[in-house]
Each structure stands twice: as C-alpha cells, then as structure tokens.
Number of protein chains: 2
Amino acid sequence: MATRTASPRKRPLQGRSKHTVAMILEATARVLTSHGYDRTTTNLVAETAGVSIGSLYEYFPNKEGLVAALASAHVAELVARVDAVLALPCEETPRAVVAALVRAGLEAHRVAPALHKVLVEQVPRIGALADAMAVSAVLQAKIAADLQRRAPALPPARVRMVALVLETCIEALTHRAVVEAPDWLETGEIEREALRLLEPYIERALGP
Amino acid sequence: MATRTASPRKRPLQGRSKHTVAMILEATARVLTSHGYDRTTTNLVAETAGVSIGSLYEYFPNKEGLVAALASAHVAELVARVDAVLALPCEETPRAVVAALVRAGLEAHRVAPALHKVLVEQVPRIGALADAMAVSAVLQAKIAADLQRRAPALPPARVRMVALVLETCIEALTHRAVVEAPDWLETGEIEREALRLLEPYIERALGP
DNA sequence: CGATAATCCGAGCGTTTACTCAGCTTCTCA
DNA sequence: TGAGAAGCTGAGTAAACGCTCGGATTATCG
C-alpha cells in the first residue's frame, strides 16, 4: 500500500504520452463520478482509459496522485477566476466585487458538478489531497488583501474576519447547490440569494 | 472487505457488555482523532478499547458501523439542540431565534472539535455514513417549518430558500471554526460575526 | 540504418485488513 | 447449584488492491 509522499515521476514529453496522461485523467474523473472514491481502483482507471496499469504508474505516483491532479486543476481554475475578480479597479463598489466573487465561485463549479460532489463528499483530506484541497486559506488571504486595499482604515484583524465570512459562505452555498440542487446553479437562484445575504453584510462591514 | 449494509448485531444486555460497547466507542473516537479514518483499523480500535476483535464484531457489523454510531450520536445531539431552540415561543423575534440557532450549532461542536474535524474532512459520505451525516436536509426542514409559523404570509418556496441559507451558513461557519480555529469557538468571536451576517438577512427576509 | 531514449505492457507479488469461528469464561435464575 | 444464555477471545482466512518489473514496442535523430 505504501502511501508514499508523491514521488516524482516521469513527465510526458512526446505527444503520445501527453495523450495517454489526458486519457488517464479523463478516466479518473469518469470512474470517480460513477463508482465513488473508495471503489475507484487504479486498475479500473487504467482499463477505462484504455491504457495498461504500468503506463498509469509511469506518470502518477499513486492513487492519491490521480485525484490530486484533478483537484489541483479545479483549485487552479478557481484561484484564477478569483484573481481576475480581484484585479477589478479600485473604483468598483464592494457590492460589485462580492457579486463577482459569488459568480466566480459558481462558474467554477458549473463544469462538472458530479465530480465536485465526489471530491467534496468522499475524498479524504489527507496527505497530498489535503494540500490540493486547501484553497480556502489562500482565497481568504487574497480577499483580505483586496478588502484592505479598498478600506485601508479598517483594522487588519477585522478585515481577515470579514474575508473568512465571505469566503466561507460563498463556498458553502456553492457546494450546497452543487450537491443538493445542481439546477440552482443554472437558474441563478443561488446567486441572487447569496447577494441578498452578503451585500448588506459587506456594506456594513466596510461602510461607515 | 465486504462493506455489507449494516447487518443487525447482538444488542448489549448486561452491564458488562454495555461497558464494552462504551469502551469500543470511546476507543473509536480516540483512534479516529489520532490516526485518521483510513488508518483506523478495527483491530486497532479493539486493542485500544482493551477488548478482543471478536467482541467488537459482536456489537458492530463493520468499520462503518463504528463511525456511524459516533456520527449519529453527534447528529442526534445537534437535532435535539435545534428542536429545543425551535420550541421557543412564537413571540421571540427572528433575530433571537437565529442567534439561538447559531449558538446551538456552536455548542454542539464544542465537545470534541478534533473528532468533528476528522468526521468532516476524512469520513467518506457513502452508505450508512451518508445517512448518518445527512443532517442538513432535516435541519432545513425544521427551520423552514418554524419560519413559516412565524411568517405565514411568506411563500413556502421563499421560506425554504431562507432556511437553506441559514442552515448552510451556520454549519459552514461552525465547521470553519472547528477545523481552522477552535479558539474562536471559545471566545465567541465566530458567534458574534455570524449574527452580524445573519440578523440583517433574516430581518429583511421576514420583515416588511 | 542503427542506437538510444521514450513509451507501453500486464501478469503477479506482497501487504494490508475486515471479518469469522470454535471454544472458553462469566453471568443469570429457577 | 447447575444449565443455559450472554459475553469474550484471538489466531487465522480470504480477498482486495496498490504497485513493481522485466521486457516488448515505438519514436527520435545522427
């Protein structure tokens, strides 16, 4: 079983192996959503991808590595979206920024709700997976920095708390929508309600 | 491995066996917090409890059963606390009810934050565990019913949405505090901030 | 073309671990 | 007090599954 800490593996150089890696990741996502984390075996992933188990282990150190790759792709996308929002000009009202953050969180989960559900509910947050899935701290720091920039007068401790609340609620509402009612992701109902919750909060927190 | 669906086992009748079961559950909690879910083996639990593995399987159908017992105890406590809050007289303001709900959520997690952290982060929500850990829907229904009682004029769909937001945010903030800053559970800082967020929201939602 | 590197293959090894069972000990109660 | 019920024991079983390894196949390039 081993569970070694993600040892370095061969990197795909030729187009052939790049394709193989892509197939493996795609298969991982498919197996994960259809079988769940526990019943996802490396052999099944390889078979589903149409490659041999040996090839799989050329590029991924272990089962964790497969899932971590998917998770960090998602995390990277989310971070990118948030960065884009926080690059908005300083003149934007806090409401607008919050609205954009909510939208960013929701957009990032529209792609593959079923996969996200498995990731959230079944994948144990330990080892490499823990790091891969620990976005919240990063996002909170980014949001806090941005808030501080827009409201320099506020004490940093206060800003951090507000960032925590914002990030926590956006993530929670997004995930609830993903796991309990994917429809609401489409209709935008969750988005509207999140704003009803967070806009007054941010106005009071930053405003006079 | 099997993973059969929680088959019925012997129930502890004499005081001796009741004590054994208690020891096993206590050991489960200890091993869970110190080793994590994956590294929690039934043999280790039995050893830690000071009983034989055979005795363990007299009372618990499988590994899931152990964890499910802990989880549903926690869930039962939480539900009881929420029920107590919702039994408050109708004259109470919505703010007061929300404050009480926040407090209930936080109180229920003060007992064993480390255990809750493992339960939330590492235990896969599948099979028996899924049921055991699916409180949110139940709580939302209870909260919705109460809100409707206090504001009969509101459309049911709207009430359900508000209940979802309330329950989601309380749980999320509570869990964040548990896993990221158990201190804030004690200081009451999280509680105050949660109210700053939720009181304006509920007033607008129920009010004129 | 020949040589070297990159890629791919898949049977099977070794370990882990949930769980059983046959027999022993302790309790209950008529 | 003794017979049956309840409880306890722990070495052993069986099966799952992650992962390796020796070797075949294909690409790259002088």
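Residue numbering restarts at 1 for every chain, and letters A, B, ... go by the order of the sequence lines.
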Distance check needed: [N] [atom2] versus [X] [atom1], whole Å only.
X	N	atom1	atom2	value
F60(A)	dT7(C)	CZ	P	13 Å
M23(A)	dT7(C)	CE	P	17 Å
H19(A)	dT7(C)	NE2	C1'	14 Å
K10(A)	dT20(D)	NZ	P	13 Å
L66(B)	dT17(C)	CG	P	15 Å

With sequence neighbours excluded, tell me which residues meet side-chain contact (heavy atoms from CB on, under 4.5 Å) with [X].
X	result
E58(B)	K10(B)
R149(A)	C90(A), D146(A)
L13(A)	none
V79(A)	V75(A), D83(A), V135(A), L139(A), K142(A)

For [X] and [N], is the shortest distance between a side-chain N/O and OP1 or OP2 below 4.0 Å?
X	N	result
T42(A)	dG18(D)	yes
S55(B)	dG7(D)	no
S17(A)	dC8(C)	no
T20(A)	dC8(C)	yes
R9(B)	dC19(C)	no

- line: Contact string for nucleotides 25-30 of chain D, one letter per nucleotide 5' to 3', B = base within protein heavy-atom range under 4.0 Å, S = sugar-phosphate only, - = neither, reads -BSS--

message: Within the 4.0 Å heavy-atom criterion, would you say L13(B) contacts the bases, only the backbone, or no part of the nucleic acid?
response: sugar-phosphate

field: Terminal helix-axis angle for the helix from dC1(C)-dG30(D) to dA30(C)-dT1(D), with five pairs defining each axis and rounding to 10 degrees
entry: 10°

Anything under 3.5 Å between a protein N or O and an N or O of nucleotides 21-24 of chain D, put it in a table, one pair a line.
none

Run the salt bridge (charged side-chain N to carboxylate O under 4.0 Å, His left out) test against [X] and tell me which residues pass, sequence neighbours left out.
X	result
R158(A)	E193(B)
E77(A)	R81(A)
R103(B)	E107(B), E191(B)
R125(A)	none

message: Regarding E180(A) and S136(B), do their side chains bring together a donor and an acceptor under 3.5 Å, going by distance alone?
response: yes

query: Are H109(A) and H74(A) near enough that their ring centres are under 6.0 Å apart?
result: yes

- line: Side-chain contact check for N43(A): nearest option of dG7(D), dG10(C), dG12(C) is dG12(C)

- prompt: Would you call R176(A)-E167(B) a salt bridge at under 4.0 Å N-O?
  reply: yes

query: Among all residues two or more places apart in sequence or in another chain, which pass the side chain to side chain donor-acceptor pair (under 3.5 Å) test with Q122(B)?
result: none

Donor/acceptor link under 3.5 angstrom from N62(A) side chain onto base of dC17(D): no

